[in-house]
Structures are given as structure tokens and as C-alpha cells.
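In what follows, a structure is listed as C-alpha cells, so that the remarks can point back to it.
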Amino acid sequence: MAESILFAIESGIGSITLNRPDKLNAFNREMALALQAVLKECESETVRCVYITGAGKAFSAGQDLSEVTDPDGPGMARILSEHYNPIVMAIRHLKKPVVAAVNGVAAGAGANLALGCDIVVATRSASFIQAFSKIGLIPDSGGTFYLPRLIGHQKASALMLLGDKVPAEEAERLGMIYKYFEDDSFQKEARQIATTLAAMPTIALAYTKKALQWSFTHTLIEQLANEDKLQQRAAKTIDFKEGVQAFLEKRQPDFKGR
Ligand code: T3D
């Protein structure tokens with residue numbers, strides 16, 4: 001049986017491919033646990049950017065609905081706490097940027113795992129569906145946290161209640177994703193973002209990620225103090241020294257992620 005998650009580290013990029021294409025990369029327990037395991041591997045210093053995409057025509061159709069009804073399956077009580085929630089938290093806590101390259105439909109948990117990534121790009125023919133209400137569930141996998149923060153309460157509310165399909169172009173217009181690319185250039189463009197990030201000062205990017213996460217739960221005065229604290233640390237990195245030196249010497253910096 002093919003592995004449900006493909007993983008490779010190349011040129012500082014931890015590339016993860018959701019790999020159950022005949023099921024539109026729907027998650028079963030094995031795939032969710034495998035994704036957790038490779039996200040753990042991405043904590044390695046050799047990984048400076050994580051890139052998540054799907055095999056075949058979909059990003060992910062969310063929970064494998066045949067597993068939900070399987071008497072030998074994990075059961076509803078364990079699916080969120082053991083499958084999706086650890087993935088959402090792993091992406092949030094990784095000290096490097098995580099790029100979701102949404103290559104096709106992203107539905108249910110598949111959509112919300114993507115929205116929890118630091119940069120989300122999509123191919124023009126991709127779409128995002130909060131499919132939960134259509135089957136009598138509520139949005140999960142961090143969707144009720146991320147979507148209203150990305151696009152505002154009203155739009156998030158309507159999309160989650162109605163379960164409408166949002167094409168990539170509309171997702172970009174709403175601010176749900178960073179950008180969409182034409183289908184024929186999508187892979188190259190999405191990969192280029194990861195390549196760029198993997199060559200950047202990784203520690204400063206990690207602190208940027210942290211500061212942004214704190215933004216919604218802190219006052220301005222607290223956030224100024226947070227920025228101050230993180231900036232002091234960034235200024236102590238080898239990459240800061242290299243960045244300034246390269247600027248003064250009018251050359252490209254060679255960041256090491258340290
Ligand atoms: O405890 C808990 O379970 C809570 C956790 C919840 C997390 C969730 O993610 S809940 C939401 C689950 N996902 C969905 O409800 C989406 C279901 N899928 C769809 O609505 C559609 O498949 C899509 C809109 C995503 C794509 O439509 P389309 O027309 O491009 O493809 P299709 O023909 O519907 O699907 C192709 C195949 O994939 C098909 O199999 P077949 O007939 O060729 O053998 C279909 O059954 C299978 N598939 C698609 N989605 C799932 C799936 N199989 C299992 N689970 C799926 N989610």
C-alpha cells in the first residue's frame with residue numbers, strides 16, 4: 001500500500017505531500033498520525049521551511065467519512081483530539097514558516113489545516129469548502145479560530161453556515177489566502193515561495209510568526225514590549241550580523257538560519 005504521507009527534505013525545504021489521491025487525500029487515522037510524525041521531523045534545524053501540498057487533483061477532502069462510520073475506527077471522540085488538533089498545534093508552534101500549496105479542492109479539515117499555515121497559496125482551479133454543516137458537523141481543525149481572523153466574522157459565519165464553495169480567486173480577494181496562481185505556473189510559483197523562505201533568516205521568521213500570533217491577544221503596549229523582546233533576540237543571531245554586513249558590502253546575504 002502506498003504511503004499516505006510523502007516526505008523529503010531538500011535544500012532546506014521539508015516537503016510534505018498528502019498522498020491518498022483516490023480519496024482526494026481525505027484523512028484517516030494512519031495519515032493523520034503520519035503527518036504528525038513528519039511535522040515532528042520538520043523541527044530539525046536542516047528544515048528551514050515546510051511545504052504542504054496534495055497528490056493528484058485535490059489538496060484534501062478532510063476527514064475520511066468511511067472511517068467515521070467504521071465500527072473498528074477511532075470513533076468521533078478521538079478524531080479531533082488525536083488526529084487534527086495536534087496537527088494544528090504542530091504547525092502553529094513550528095519555528096519556521098509553513099506554506100500550504102493548495103493544488104485542488106480543500107474541504108472540511110483539509111481546508112482548515114491549510115488556513116492554519118503561515119502562507120497559503122492556491123492554484124486557480126482550487127477551492128475551499130467549509131463542508132461541515134452539509135453533514136451535520138461544526139467546523140473544526142482551527143477553522144472557527146482562523147477564518148474569522150482572516151476574513152472577518154460575517155463572511156466566516158456565512159461560509160461556515162452555508163458550506164459554500166469558495167474558488168481560489170475569491171479566496172484571495174477575501175484575504176483567506178495570500179495568492180492564487182494560474183494552474184500551469186502554480187507549482188513553480190508555490191515552490192519558489194518555499195525556496196525563498198528556506199534561504200531567509202529562519203530565526204527572525206520564527207519570531208515574526210510568534211509576534212503575529214500574539215497580535216490578537218495583546219494590547220498595543222504589550223505588543224510593543226513583545227516586539228522589543230523578540231527584536232533583541234533577533235539582533236543576537238548570526239543571520240542579523242550577516243544581513244547587515246551583506247548590505248554594507250552591497251552583496252547578497254548568505255543566511256544560515258542561525
Ligand atoms: O470526528 C470527526 O469526524 C470530526 C472531523 C471532521 C473533519 C472533517 O473534515 S468533516 C468534513 C469531511 N469532508 C467532507 O464532508 C467533504 C466530502 N467530499 C465532498 O464534498 C466532495 O468529494 C468534494 C467537494 C471534496 C469534491 O467533489 P468532487 O466531485 O470533485 O469529487 P467526488 O466525486 O465527490 O470524490 C471523489 C472520490 O473521493 C469519491 O470516491 P469514489 O466514488 O471515486 O470511490 C469520493 O467518495 C471520495 N471522497 C471525497 N471526499 C471524501 C471521500 N471519501 C471519504 N471521505 C471523504 N471526505
Side-chain angles (χ1 to χ4, degrees), residues 1-6 16-36 39 52-92 98 100-117 120-148 150 156-171 174 176-177 180 183 186:
M1 197 172 62
E3 288 176 53
S4 59
I5 294 289
L6 305 179
I16 299 173
T17 305
L18 312 177
N19 189 38
R20 297 183 76 217
D22 54 327
K23 295 280 181 194
L24 304 187
N25 303 319
F27 277 86
N28 59 11
R29 181 173 176 82
E30 192 270 322
M31 178 162 145
L33 298 184
L35 178 55
Q36 289 173 27
L39 287 169
I52 306 178
T53 195
K57 67 173 189 170
F59 180 74
S60 170
Q63 172 61 34
D64 186 328
L65 295 174
S66 59
E67 184 178 67
V68 173
T69 50
D70 180 353
D72 299 322
M76 292 292 265
R78 294 163 70 197
I79 287 180
L80 292 188
S81 64
E82 294 183 14
H83 297 188
Y84 299 110
N85 294 355
I87 295 171
V88 174
M89 294 313 288
I91 290 170
R92 192 162 172 91
V98 182
V102 179
N103 56 301
V105 67
N112 290 339
L113 292 181
L115 297 183
C117 293
V120 188
V121 292
T123 196
R124 180 192 273 276
S125 56
S127 55
F128 295 80
I129 311 172
Q130 294 292 325
F132 308 89
S133 61
K134 297 276 175 79
I135 55 168
L137 289 180
I138 73 141
D140 57 32
S141 304
T144 59
F145 182 88
Y146 286 116
L147 196 59
L150 289 166
S157 173
L159 292 180
M160 287 180 154
L161 294 172
L162 294 166
D164 287 345
K165 177 174 177 169
V166 182
E169 190 174 357
E170 171 79 347
L174 289 171
M176 189 188 294
I177 65 170
Y180 78 90
D183 290 347
F186 166 69

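Counting convention: from 1, in listed order, for ligands and their atoms alike. Computation of the quantities below employed the complete heavy-atom set of this structure, encompassing side-chain atoms and omitting hydrogens, waters and symmetry-equivalent molecules.
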Distance-only donor-acceptor pairs under 3.5 Å for side chains of residues 102-111, two or more places apart:
from   : atom 1 : to    : atom 2 : distance (Å)
Asn103 : OD1    : Thr53 : OG1    : 3.4
Asn103 : OD1    : Gly54 : N      : 3.0
Asn103 : ND2    : Gly54 : O      : 2.9
Asn103 : ND2    : Gly56 : O      : 3.1
Asn103 : ND2    : Ala58 : O      : 2.9

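- The nearest heavy-atom contact from the protein to atom 3 (O) of ligand 1 is Met76 SD, 3.4 Å.
- In plain terms, the two heavy atoms of Pro21 and Ala55 that are nearest each other are CB-O, 3.8 Å.
- Distance from atom 5 (C) of ligand 1 to its nearest protein heavy atom, with residue and atom name: Asp140 OD2, 3.2 Å.
- Contact between Pro74 and His83 at its shortest, heavy atoms only, is CG-CE1, 3.7 Å.
- Taking every heavy atom of Gly62 and a limit of under 4.0 angstrom, the matching atoms of ligand 1 come to 9 (O).
- In this structure, atom 39 (C) of ligand 1 is not in close contact with the protein, since no protein heavy atom lies within 4.0 Å of it.
- Nearest heavy-atom pair across Gly142 and Val88 is N-CG2, 4.4 Å.
- The salt bridge (charged side-chain N to carboxylate O under 4.0 Å, His left out) analysis of residues 65-87, with sequence neighbours excluded, yields the pairs Arg29-Glu82, Arg78-Glu82.
- Of all the heavy atoms in Lys23 and Ala61, the pair that sits closest is O-CB, 4.3 Å.
- In this structure, the separation between OH on Tyr146 and CG on Leu115 is 9.5 Å, given to the nearest 0.5 Å.
- Contact annotation for atom 29 (O) of ligand 1: protein absent (non-hydrogen atoms, distance under 4.0 Å).
- Of all non-hydrogen atoms in Arg124 and Asp183, the two that sit nearest each other are N-OD1, 3.1 Å.
- At a distance under 4.0 Å, no protein heavy atom can be found next to atom 21 (C) of ligand 1.
- Among all protein heavy atoms, the one lying closest to atom 43 (O) of ligand 1 is Asp22 O, 4.8 Å.
- Counting only non-hydrogen atoms, the option in Pro21, Gly73, Ala109, Ala131 that gets closest to atom 9 (O) of ligand 1 is Ala109.
- Side chain of Asp164 to main chain of Leu159: no donor-acceptor pair is present (N/O by atom type, distance under 3.5 Å, no hydrogens or angles).
- Within a 4.0 Å radius of atom 35 (O) of ligand 1, the protein contributes at least one heavy atom.
- Under a 4.0 Å criterion applied to the non-hydrogen atoms of Gln63, ligand 1 contributes the atoms 3 (O), 6 (C), 7 (C), 8 (C), 9 (O), 12 (C), 55 (N), 56 (C), 57 (N).
- Taking every heavy atom of both residues into account, Ile129 and Gly163 meet most closely at CG2-O, 3.5 Å.
- Closest heavy-atom approach to atom 11 (C) of ligand 1 within the set Ala111, Ser133, Gly108: this belongs to Gly108.
- In terms of polar-atom proximity, defined here as any N/O pair under 3.5 Å, Leu65 does make such a contact with ligand 1.
- Of the heavy atoms in Val68, only side-chain atoms (C-beta onward) come closer than 4.0 Å to ligand 1.
- Contact annotation for atom 57 (N) of ligand 1: protein present (non-hydrogen atoms, distance under 4.0 Å).
- Between the CZ atom of Phe145 and the CG atom of Asp140 there is a distance of 15.0 Å, given to the nearest 0.5 Å.
- With hydrogens left out, the protein atom closest to atom 48 (N) of ligand 1 is Lys23 O, 4.1 Å, a heavy atom.
- Close contacts between ligand 1 and Phe132 involve ligand atoms 7 (C), 8 (C), 9 (O), 10 (S) [criterion: under 4.0 Å to a heavy atom].
- Near Ile129, the atoms of ligand 1 lying under 4.0 angstrom from a non-hydrogen atom of the residue are 24 (C).
- Atoms of ligand 1 lying under 4.0 Å from at least one heavy atom of Asp64, given by number and element, are 54 (C), 55 (N).
- Closer than 4.0 Å to atom 1 (O) of ligand 1 lies at least one heavy atom of the protein.
- None of Leu147, Thr144, Leu161 except one satisfies the side chain to side chain contact (heavy atoms under 4.5 Å, CB included) rule with Pro139; the exception is Thr144.
- Considering backbone and side-chain N/O atoms, Ala61 comes within less than 3.5 Å of an N/O atom of ligand 1.
- Regarding atom 26 (C) of ligand 1, its nearest protein heavy-atom neighbour is Leu24 CD1, 3.6 Å.
- Here Leu35 contributes atom CG and Phe27 contributes atom CZ; the two are 5.0 Å apart, rounded to the nearest 0.5 Å.
- Shown here, atom 15 (O) of ligand 1 is in close reach of the protein: a heavy atom of it lies under 4.0 Å off.
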